[in-house]
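Residues: numbered from 1 along the sequence shown. Note that the structure is predicted; figures quoted are calculated from it, not measured.
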Amino acid sequence: MMISISVVSHGQMGLILNLMKDLEKFCSNQPIELILTLNIPENIELDKDVFSYTIKVIENKTQKGFGANHNQAFERAQGDFFCVVNPDIRLHDCPISALIRCLQNGGVGTVAPRVLSPSGSVEDSARTFPTFQKIVRKLVRRVYAPDYPLHGDCVDVDWVAGMFMVFTHAVFDQIDGFNERYFLYYEDVDLCARLHLAGLRVVVLPDVQVVHHAQRSSHRSLKYLRWHAASLMRFLTSPEYRQLKRLHRL
């Protein structure tokens, strides 16, 4: 069963080539198609013959948001499974088979690996749904640790960060992919909220690990901070958030 992997470049082909080499090194026995979206004009020298898997390239004429880019890739995806990956993810082994096995259990909407920093610390990629109170505490304490103890075979969580998410093709289609009203940030929270509202689980496999060389643009740029704040308010005032509150999830 093939997996379609969607990765979007914003002038990040150096990072993506490292990820592509990791896929070739560790996942050569896994049927893969890589859908590479160039979100801004970028001159790339890509020798597709070097890689054993299929590579499709999309060149955007105008810049799109996170969700729109991956939704566009999904329209071209032919795999039984669909994987969203950030350019700054690195692999030390192949996580795909274990993640796919998890998705084949009934009721799982999306599955993610445990995400580590380059130093080996666990990143805050699995979290509870936000509330105004939690956001204030986080800003004051500046704590970025995970909201869940990521140990054991399988951990059910509220939402996982969009740096690495795997779906069945059928489920991603069923929930209509990412909500493109979110240009950047919180589209992953919104998507996981809709999975929960559809009665599906969001799961992390702690024994499956990837490394995230975090860029954290929103910590350095006023533009990204504005996008982050706008997306947060959009989610907290959304119908999906109101439904979650009615179901006493928050």
Enclosure of Asp153 CG (heavy-atom neighbours >12, cutoff 6.0 Å): no
Aromatic ring pairing Tyr182/Phe235, orientation class (parallel under 30°, perpendicular over 60°, tilted between): tilted
Aromatic plane relationship, Tyr224 with Trp227 - under 30° parallel, 30 to 60° tilted, over 60° perpendicular: perpendicular
Donor-acceptor pair, side chain of Gln30 and main chain of Ile96, under 3.5 angstrom: no
Lys25, NZ: over 12 other non-hydrogen atoms inside 6.0 angstrom: no
His169 side chain to Asp80 side chain, donor-acceptor N/O pair below 3.5 angstrom: no
Asn18 and Asp88 side chains, donor-acceptor separation under 3.5 Å: no
Other residues, nucleotides, ligands: >12 heavy atoms within 6.0 Å of Glu59 CD: no
Check: Ser4/Glu33 side-chain N/O donor and acceptor closer than 3.5 Å: yes
Under-4.0 Å salt bridge between Arg90 and Asp22: yes
4.5 Å side-chain heavy-atom contact, Lys56 and Lys48: no
Aromatic ring pairing Phe172/Phe74, orientation class (parallel under 30°, perpendicular over 60°, tilted between): tilted
Between Thr128 and Asp147: side-chain donor-acceptor atoms closer than 3.5 Å: yes
Test log, rule ring-ring contact (aromatic ring centres under 6.0 Å, His included), inputs His228 and Tyr185: CA-CA 6 Å; His228 205 147; Tyr185 303 113; 4.3 Å; yes
Check: Pro130 and Tyr186 side chains under 4.5 Å, non-hydrogen atoms: yes
Steps toward side-chain hydrogen bond (donor to acceptor under 3.5 Å, both in side chains) verdict (Glu24, Ser52): CA-CA 7 Å; Glu24 182 66 27; Ser52 59; 3.0 Å; yes
Gap separating the CD1 atom of Ile5 from the CG atom of Leu34, nearest 0.5 angstrom: 6.5 Å
Geometric class of the His70/Phe178 ring pair [parallel <30°, tilted 30-60°, perpendicular >60°]: tilted
Polar contact flag, side-chain donor to acceptor under 3.5 angstrom, Glu240-Asn179: no
Residue pair Asp176, Asn71: steps toward the side-chain hydrogen bond (donor to acceptor under 3.5 Å, both in side chains) verdict: CA-CA 9 Å; Asp176 296 322; Asn71 288 348; over 6 Å; no
Rounded distance (nearest 0.5 Å) linking atom CD1 of Ile58 with atom NZ of Lys64: 9.5 Å
Heavy-atom donor-acceptor pair, Ser121 side chain to Ser117 backbone, under 3.5 Å: no
